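Submitted below is the structure of interest, expressed as structure tokens.
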Amino acid sequence: MKLGVIADDFTGAVDIAGFLVSGGMRTLMCAKPVATGQLPETDAIVMSLKIRSIPSSEAVEQALSALAFLQEAGCDHFYYKYCSTFDSTEKGNIGPISDALRDALGLSSTLICPALPINGRTVYHGYLFVGDQLLSDSPMRHHPLNPMRMSKLADLLAMQSPSCNGHVYYDVVRKGATAVKDRIDTLEKDGVNNIIVDVINDEDLTTIAKATEDMLLVTGGSGLAQGIATVRAESLGERGTAKPAFLPKRTNAVVIAGSCSAMMQKQVAYYKEKAESFSIDEQACVDDPSYPETLAQWVLAHQGSTLAPMVFATRSPEELQYNRERFKGVDLAGIIEQVFGRMTAILAQEGVETFIVGGGETSGVVASTLGVDAYLIGEQIDPGVSWVQSLDRKFQLVLKSGNFGSESFLEKAQECYDE
């Protein structure tokens, strides 16, 4: 098996690539198609797209293009990776992309498995939980782009796609891989297109991976990748091992926090007590074309400390609501992304080589601005977050989902340096 992964944002790509490497799979991450003759020998290729919140038609087109590249690169099994909180709008894009990939591969059904137990994302009776809360009761209900106000996966998919949904409930999962496979076979014969599986713990992921070894396409969060890597390692023995491709080194660096998730708020508050920090001025972002230069010069003036300086746009739900009213009719999130992009370009020109980024959208902007097409996967910092390095070894980055990592993550990432 050579696994081809289509990830719907940059942080999701890093997330799943890290799990595959830690499970012993040689993994390359690409931001766009690379000449296949330039690709090193790998067990998995992860395509990092930015298709979570764009119009469904555009997202489907990009996903199908990524599928074609992965097929050309020799992949024969495929994995559509989305957020473990099923982060999407009422119209997509999880349902439409799953449908399009399934159709392109000539398949009648696929797996829906967003669970990531190690980070508190579980599924029971088809309902998605974040910790001990239903998704709809969790902080994700305040997400600035895709607020999640429903928890039943079948209901979320039904709004996005006419495909038929069915379930493998936990009373089947706990009986083992054979029982799960039998249930999947029955659902496929009944014409079910999206097979939603319950997952409570990591052992369940291994069970499901064993039961779905023959499925050419699965979809989900990064958790199932743990199960796939575990099953593969068991079959290969000692050959199922891979080490991180590099160790990060201390260079000129910056921390950029764009996410407003509950965990990112804690991480920013913790880091502000440890390092120099700068809270962006939203009005300046809107009105001052030179503001990115102002931010970049502040970052450059604060190099040399043990911990990198931080520029952040992280806000509480109350502050977000205030800004919505204050900047009504203005695409403030898009403008802030542009500011971070221009700031990143200036910093790269001035010799900053390390970028530690919090937030999927912000990570995408930074990575795109730096023009990195393919990445080596390095040390895993916390579950779902690894260091990555450009193939030309010019830049090293941390691209973190806002929800991921421990409270001290931003400091912890910098303790991984190979001194």
Side-chain angles (χ1 to χ4, degrees), residues 11 14-15 118-120 130-131 138-140 142-144 248-285 291-292 294-323 333 336-337 339-340 343-344 347 352-363 365-366 378-387 396-419:
T11 56
V14 176
D15 173 12
I118 197 169
N119 279 349
V130 177
S138 77
M140 280 298 294
H142 299 305
H143 193 285
K249 297 186 180 298
R250 187 177 299 279
T251 69
N252 286 342
V254 62
V255 174
I256 305 173
S259 170
C260 295
S261 70
M263 179 51 73
M264 193 81 246
Q265 291 176 55
K266 293 179 182 178
Q267 290 164 345
V268 167
Y270 177 94
Y271 196 74
K272 283 166 60 178
E273 301 299 318
K274 302 284 184 174
E276 298 290 341
S277 63
F278 192 111
S279 177
I280 68 161
D281 182 333
E282 284 87 351
Q283 194 67 58
C285 288
Y291 195 54
T294 299
L295 296 176
Q297 290 305 319
W298 179 86
V299 171
L300 294 170
H302 289 84
Q303 295 298 309
S305 300
T306 302
L307 294 175
M310 174 176 66
V311 177
F312 67 96
T314 304
R315 300 290 184 262
S316 68
E318 295 75 21
E319 290 169 326
L320 285 172
Q321 182 58 38
Y322 171 73
N323 280 332
I336 292 173
E337 280 189 23
V339 168
F340 279 151
M343 179 190 76
T344 295
L347 292 175
V352 174
E353 298 176 337
T354 298
F355 294 82
I356 300 171
V357 190
E361 298 298 319
T362 309
S363 292
V365 167
V366 171
E379 289 286 300
Q380 192 171 61
I381 305 160
D382 272 336
V385 195
S386 300
W387 277 97
Q396 54 186 23
L397 306 96
V398 175
L399 305 172
K400 184 190 83 69
S401 168
N403 292 307
F404 282 12
S406 58
E407 187 172 338
S408 62
F409 175 87
L410 298 173
E411 179 183 28
K412 183 179 179 182
Q414 297 170 70
E415 295 172 351
C416 297
Y417 289 137
D418 183 24
E419 300 291 357

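Nothing fancy with the numbering, it's 1 onward along the sequence. Not measured: the values here are computed from a predicted model.
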### Query
Hey, is the main chain of M140 close enough, under 3.5 Å, to the side chain of S138 for a donor-acceptor pair?
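Yes, because the side chain of S138 sits within donor-acceptor range (under 3.5 Å) of the backbone of M140.
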### Query
Is a side-chain N or O of Q267 found less than 3.5 angstrom from the main chain of G405, in a donor-acceptor match?
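Flag set: sc Q267 to bb G405 pair under 3.5 Å.
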### Message
Would you compute the distance between atom CD of Q396 and atom CD of E353 and round it to the nearest 0.5 angstrom?
### Response
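Going from the CD atom of Q396 to the CD atom of E353 covers 7.5 Å.
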### Task
Could you tell me whether the side chain of W387 reaches within less than 4.5 Å of the side chain of C416, counting heavy atoms only?
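Side chain of C416 against side chain of W387, heavy atoms only: contact under 4.5 Å found.
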#### Entry: Pairwise distance CG(L399) to CD1(I256) - rounded to 0.5 angstrom
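The CG atom of L399 sits 10.0 Å away from the CD1 atom of I256.
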### Query
Hey, does V357 have a side-chain heavy atom less than 4.5 Å from the side chain of V398?
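Of all side-chain heavy-atom pairs linking V357 with V398, none is under 4.5 Å.
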### Message
Could you check whether any side-chain N or O of D382 sits under 3.5 Å from a backbone N or O of S406, counting only pairs where one atom can act as donor and the other as acceptor?
### Response
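Pair found, side chain donor or acceptor close to backbone of S406.
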### Query
Looking at side-chain heavy atoms only, is the closest gap between V130 and N119 below 4.5 Å?
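A side-chain contact is absent here, since even the closest heavy-atom pair is not under 4.5 Å.
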### Query
In terms of side-chain heavy atoms, does Y270 have a donor or acceptor partner in E411 at a distance below 3.5 Å?
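There is such a pair (donor and acceptor under 3.5 Å, judged by atom type) between the side chains of Y270 and E411.
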### Task
Indicate whether any N or O donor in one side chain lies under 3.5 Å from an N or O acceptor in the other, for T11 and S363.
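There is no such pair (donor and acceptor under 3.5 Å, judged by atom type) between the side chains of T11 and S363.
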### Query
Of the options N252, T251, L397, V255, which is the one that meets T354 in a side chain to side chain contact (heavy atoms under 4.5 Å, CB included)?
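Only one option passes, and that is T251.
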### Stepwise side chain to side chain contact (heavy atoms under 4.5 Å, CB included) test for I356 and L410
CA-CA 8 Å; I356 300 171; L410 298 173; 4.1 Å; yes
### Message
Measuring from atom OG1 of T362 to atom CZ of F355, what distance do you get when rounded to the nearest 0.5 angstrom?
### Response
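Here the rounded value is 13.5 Å.
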### Message
side chain to side chain contact (heavy atoms under 4.5 Å, CB included) for K400 and F409? Distances and angles first, verdict last.
### Response
CA-CA 10 Å; K400 184 190 83 69; F409 175 87; 3.3 Å; yes
### Query
Under 3.5 Å, side chain of K266 to main-chain N/O of V268, donor-acceptor pair present?
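Absent.
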### Query
To the nearest 0.5 Å, how far apart are OG1 in T306 and OH in Y417?
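Spacing of OG1 (T306) from OH (Y417) equals 10.5 Å.
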### Message
Show, in sequence, the C-alpha distance, side-chain angles and deciding distance for Y271 and L307, and conclude whether the side chain to side chain contact (heavy atoms under 4.5 Å, CB included) test is met.
### Response
CA-CA 9 Å; Y271 196 74; L307 294 175; 3.4 Å; yes
#### Entry: Interatomic distance, K274 atom NZ to S408 atom OG [nearest 0.5 angstrom]
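The distance works out to 8.5 Å.
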Side-chain donor-acceptor distances from residues 308-319 under 3.5 Å, at least two apart:
from	atom 1	to	atom 2	distance (Å)
T314	OG1	S259	O	2.8
R315	NE	E282	OE2	2.8
R315	NH1	S279	OG	3.3
R315	NH2	S279	OG	3.1
R315	NH2	I280	O	2.8
R315	NH2	E282	OE2	3.1
S316	OG	E318	OE1	3.3
S316	OG	E319	N	3.1
S316	OG	E319	OE1	3.3
E319	OE1	S316	N	2.8

### Task
Step by step, work out the side chain to side chain contact (heavy atoms under 4.5 Å, CB included) result for L347 and L300.
CA-CA 8 Å; L347 292 175; L300 294 170; 3.9 Å; yes
### Query
Between atom CG of N403 and atom OG of S261, what is the distance when rounded to the nearest 0.5 Å?
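N403 atom CG to S261 atom OG measures 4.5 Å (nearest 0.5 Å).
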### Task
Check for a donor-acceptor pair, side chain of W298 on one end and backbone N or O of S277 on the other, with a separation under 3.5 Å.
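Side chain of W298 to backbone of S277: no pair is present.
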### Task
Keeping the roles fixed (side chain from Q265, backbone from C260), state whether a donor-acceptor pair exists under 3.5 Å.
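Yes; at least one donor-acceptor contact below 3.5 Å.
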